[in-house]
Amino acid sequence: MAPIINGDHLNNVNEPKSKGEKSKKQHSQVVIIGSGPAGHTAAIYLARANLEPVLYEGMLANGFAPGGQLTTTTEVENFPGFPDGVTGTEMMDKFRAQSERFGTKIITETIARVDLTQRPFKYWTEGEEEEADFMTADTLIIATGASAKRLFLPGEDTYWQSGISACAVCDGAVPIFRNKPLAVIGGGDSAAEEATYLTKYGSHVYVLVRRDELRASKIMAKRLVSHPKVTVLWNTVATECKGDGDLLQSLALKNVKTGEESELKVNGLFYAIGHEPATSLVKSQLETDSDGYIKTIPGTSQTSIKGVFAAGDVQDKKYRQAITSAGSGCMAALEAERLISEEEAEDDEIKTEDVHVPSEGYMGADKE
């Protein structure tokens, strides 16, 4: 398995107290929190393994409809299996249908509180956080994702995904951006990488930097400023997104030192100012890095607490792609399944014939 790179790596896994009581309301072997590619891929694998996973897709959790960030993407062209492209909403509808087909129980509620101090883990849904009645799970997969930071400029909502994006790799090749002037906001390595990447498609790329220097590493900064198709606009911020009502056509700019205002004709704007992982539910109980991403043991989805796994963008600050999220969801499912199988084999109260046998796919048998 390829390691998941999320900055600082986890070194220790804590064994929670055991055993707590199982919920009389609802107990599951596996509960998945999140409904993006990671969550649904985990659900598909676990459902096919007859573990009857329960997936909480949330009700506008993290500000997104069920399906996560992809539901805000108009066209996905880089996910294998869709040669003609597919809308983000349509793709997530297919993920959901496949999860349901194999028996995943999907609940359109948001989990608002979890207690990871003992197993089975306790959790409560939104509106019931303070109630004594709780639900339990032997294992948890956290797949709550991350959201791109935005500036919420005037006109931004109008042209979001109609000229404005937060992922150059995802959207840069879309026809509306090809051979057109584009802009990137940001001054770090991500901004430098995205701007350089966009030069493959745009006629020219303008990088708007609020300060008079880049925060990017020296090599990335040198590569950016020396690129013939890149112009860095120093001490510059965008103040408004303008267009014809359908597509973005220009940005209103302001020089923060002189106060001078101008207009920049561009057909695309890409934010590269960071992401916010949706870890508020667990960050006080699981180890996270300095940016709030859940730490995992390299090469696994195991978090700092045994039985809790993390998949997708909530633990991946580097790649943030639908395909890598799906892959990590598969890893989390296989690891959760293996843990359940091992613990059942050690439980004297469970008959040998009732012990769950993990999927052969865990060892790669699906690639014969």
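The analysis underlying the following values was restricted to heavy atoms, covering all of them including side chains, and did not include hydrogens, waters or symmetry mates.
Here S250 contributes atom OG and L269 contributes atom CG; the two are 11.0 Å apart, rounded to the nearest 0.5 Å. For the atom pair D133 CG and W124 CH2, the distance stands at 10.0 Å (nearest 0.5 Å). Put simply, NE2 on H40 and CZ on F95 are 8.5 Å apart, with the number rounded to the nearest 0.5 Å. Once rounded to the nearest 0.5 Å, the distance linking CD of E342 with CD of E346 reads 7.0 Å. The line from CZ of F82 to CE of M91 is 6.5 Å long, rounded to the nearest 0.5 Å. Atoms CG and CG, from L208 and L251 in turn, are 7.0 Å apart once rounded to the nearest 0.5 Å.
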Start with the C-alpha gap between R119 and E343, add the side-chain angles, then the distance that decides, and say whether salt bridge (Lys or Arg N to Asp or Glu O under 4.0 Å) holds. CA-CA 12 Å; R119 296 179 66 194; E343 293 183 336; 2.7 Å; yes
Stepwise side chain to side chain contact (heavy atoms under 4.5 Å, CB included) test for F121 and T136: CA-CA 5 Å; F121 304 115; T136 53; over 6 Å; no
Apply side chain to side chain contact (heavy atoms under 4.5 Å, CB included) to residues K229 and V205 and explain how you reach the verdict. CA-CA 6 Å; K229 291 179 68 176; V205 179; 5.8 Å; no
Side chain to side chain donor-acceptor pair (under 3.5 Å) between H204 and T231, intermediate numbers included: CA-CA 8 Å; H204 198 82; T231 298; 2.7 Å; yes
Go through L140 and T303 one step at a time and tell me if the side chain to side chain contact (heavy atoms under 4.5 Å, CB included) criterion holds. CA-CA 10 Å; L140 284 176; T303 70; over 6 Å; no
Assess whether ring pair (Phe, Tyr, Trp, His ring centres under 6.0 Å) is satisfied between Y123 and Y56, documenting all intermediate values. CA-CA 11 Å; Y123 66 93; Y56 283 85; 5.5 Å; yes
Decide yes or no on side chain to side chain contact (heavy atoms under 4.5 Å, CB included) for I164 and L248, but give the supporting numbers first. CA-CA 7 Å; I164 305 177; L248 179 73; 4.2 Å; yes
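When the shell of 6.0 Å around NZ of K265 is examined, it contains 12 or fewer heavy atoms from other residues, nucleotides or ligands. Counting non-hydrogen atoms of neighbouring residues, nucleotides and ligands closer than 6.0 angstrom, the CZ atom of R210 reaches no more than 12 such neighbours. More than 12 heavy atoms of other shown residues, nucleotides or ligands fall within 6.0 angstrom of atom NZ in K149. A 6.0 Å sphere centred on CD of E52 holds no more than 12 heavy atoms belonging to other residues, nucleotides or ligands.
Shown here for T239 and P154, the closest heavy-atom pair between the two residues is O-CD, 3.2 Å. Residues E129 and E126 share a closest heavy-atom pair of OE1-C, 3.8 Å. Here the closest heavy-atom approach between residue P181 and residue Y206 is recorded as CB-CE1, 4.3 Å. When all heavy atoms are compared, the tightest approach of G307 to L339 is CA-CD2, 3.6 Å. Shortest non-hydrogen contact noted between T117 and D115 is OG1-OD1, 2.6 Å. Across all non-hydrogen atoms, the minimal contact from W234 to T236 is O-OG1, 2.7 Å.
Linking ILVMFWY side-chain heavy atoms closer than 4.5 Å, directly or via other members, places V266 and V237 in two distinct hydrophobic clusters. I176 and V169 fall into different hydrophobic clusters, where Ile, Leu, Val, Met, Phe, Trp and Tyr side chains are chained together by heavy-atom contacts under 4.5 Å. M135 is connected to L116 through a chain of hydrophobic side-chain contacts under 4.5 Å among Ile, Leu, Val, Met, Phe, Trp and Tyr, so both are in one cluster. Under the 4.5 Å side-chain contact rule for hydrophobic residues, V207 and Y197 do not share a cluster. In the hydrophobic cluster analysis, where Ile, Leu, Val, Met, Phe, Trp and Tyr join through side-chain heavy atoms closer than 4.5 angstrom, L224 is grouped apart from M220.
Across I141, V314, L281, V282, a single residue satisfies side chain to side chain contact (heavy atoms under 4.5 Å, CB included) together with I33, and that is L281. Results of the side chain to side chain contact (heavy atoms under 4.5 Å, CB included) test with L46 over T139, I340, L51 single out L51 as the only residue that passes.
Side-chain atoms of S28 do not come within 3.5 Å of backbone N or O of V30 as any donor-acceptor pair. Side chain of T104 to main chain of S99: a donor-acceptor pair is present (N/O by atom type, distance under 3.5 Å, no hydrogens or angles). Without hydrogens or angle criteria, S190 side chain to G188 main chain gives no donor-acceptor distance under 3.5 Å. Side chain of T279 to backbone of Y293: no donor-acceptor contact under 3.5 angstrom is found. Checking side-chain atoms of T110 against main-chain N and O of A112 turns up no donor-acceptor pair under 3.5 Å. For T199 (side chain) and T196 (main-chain N/O), a donor-acceptor pair under 3.5 Å exists by modelled atom type. In terms of modelled atom types and a separation under 3.5 Å, the side chain of S226 and the main chain of K222 share a donor-acceptor contact. In terms of modelled atom types and a separation under 3.5 Å, the side chain of Y271 and the main chain of G186 share no donor-acceptor contact. A donor-acceptor pair under 3.5 Å is formed between the side chain of T41 and the backbone N or O of P37. Under a 3.5 Å cut-off, the side chain of T258 and the backbone N or O of E260 do form a donor-acceptor pair.
Salt-bridge annotation for K254 and E240: absent, with no side-chain N of the basic residue lying under 4.0 Å from a carboxylate O of the acidic one. Using a 4.0 Å cut-off between charged side-chain N and carboxylate O, R150 and E156 make a salt bridge. Electrostatic pairing of E100 and K105 does not count as a salt bridge here, judged by no charged N lying under 4.0 Å from a carboxylate O.
Side chains of P277 and D291 form no contact here, defined as non-hydrogen atoms less than 4.5 Å apart. S35 places none of its side-chain heavy atoms less than 4.5 Å from the side chain of R96. Counting heavy atoms from C-beta on, the side chains of Q118 and K122 come closer than 4.5 Å.
A donor-acceptor contact closer than 3.5 angstrom is absent between the side chains of Q249 and K180. Donor-acceptor pairing under 3.5 Å is recorded for the side chains of D189 and S217. In this structure, a donor-acceptor pair under 3.5 Å is present between the side chains of S301 and E335. Residues D138 and H27 bring a donor and an acceptor atom of their side chains to less than 3.5 Å of each other. Looking at S147 and E276, their side chains never bring a donor and an acceptor atom within 3.5 Å of each other. Between the side chains of E128 and T125, a donor-acceptor pair is found at a separation under 3.5 Å. E344 and Q29 share a side-chain donor-acceptor pair at under 3.5 Å. No hydrogens or angles considered: nothing links the side chains of S328 and D316 as a donor-acceptor pair under 3.5 Å.
Under a cutoff of 6.0 Å and an axis angle of 45°, R178 and Y201 do not form a cation-pi pair.
Taking C330 as the reference, nothing meets the disulfide bond (SG atoms under 2.5 Å apart) condition, with sequence neighbours excluded.
Ring-centre distance between F177 and F270: below the 6.0 Å cut-off.
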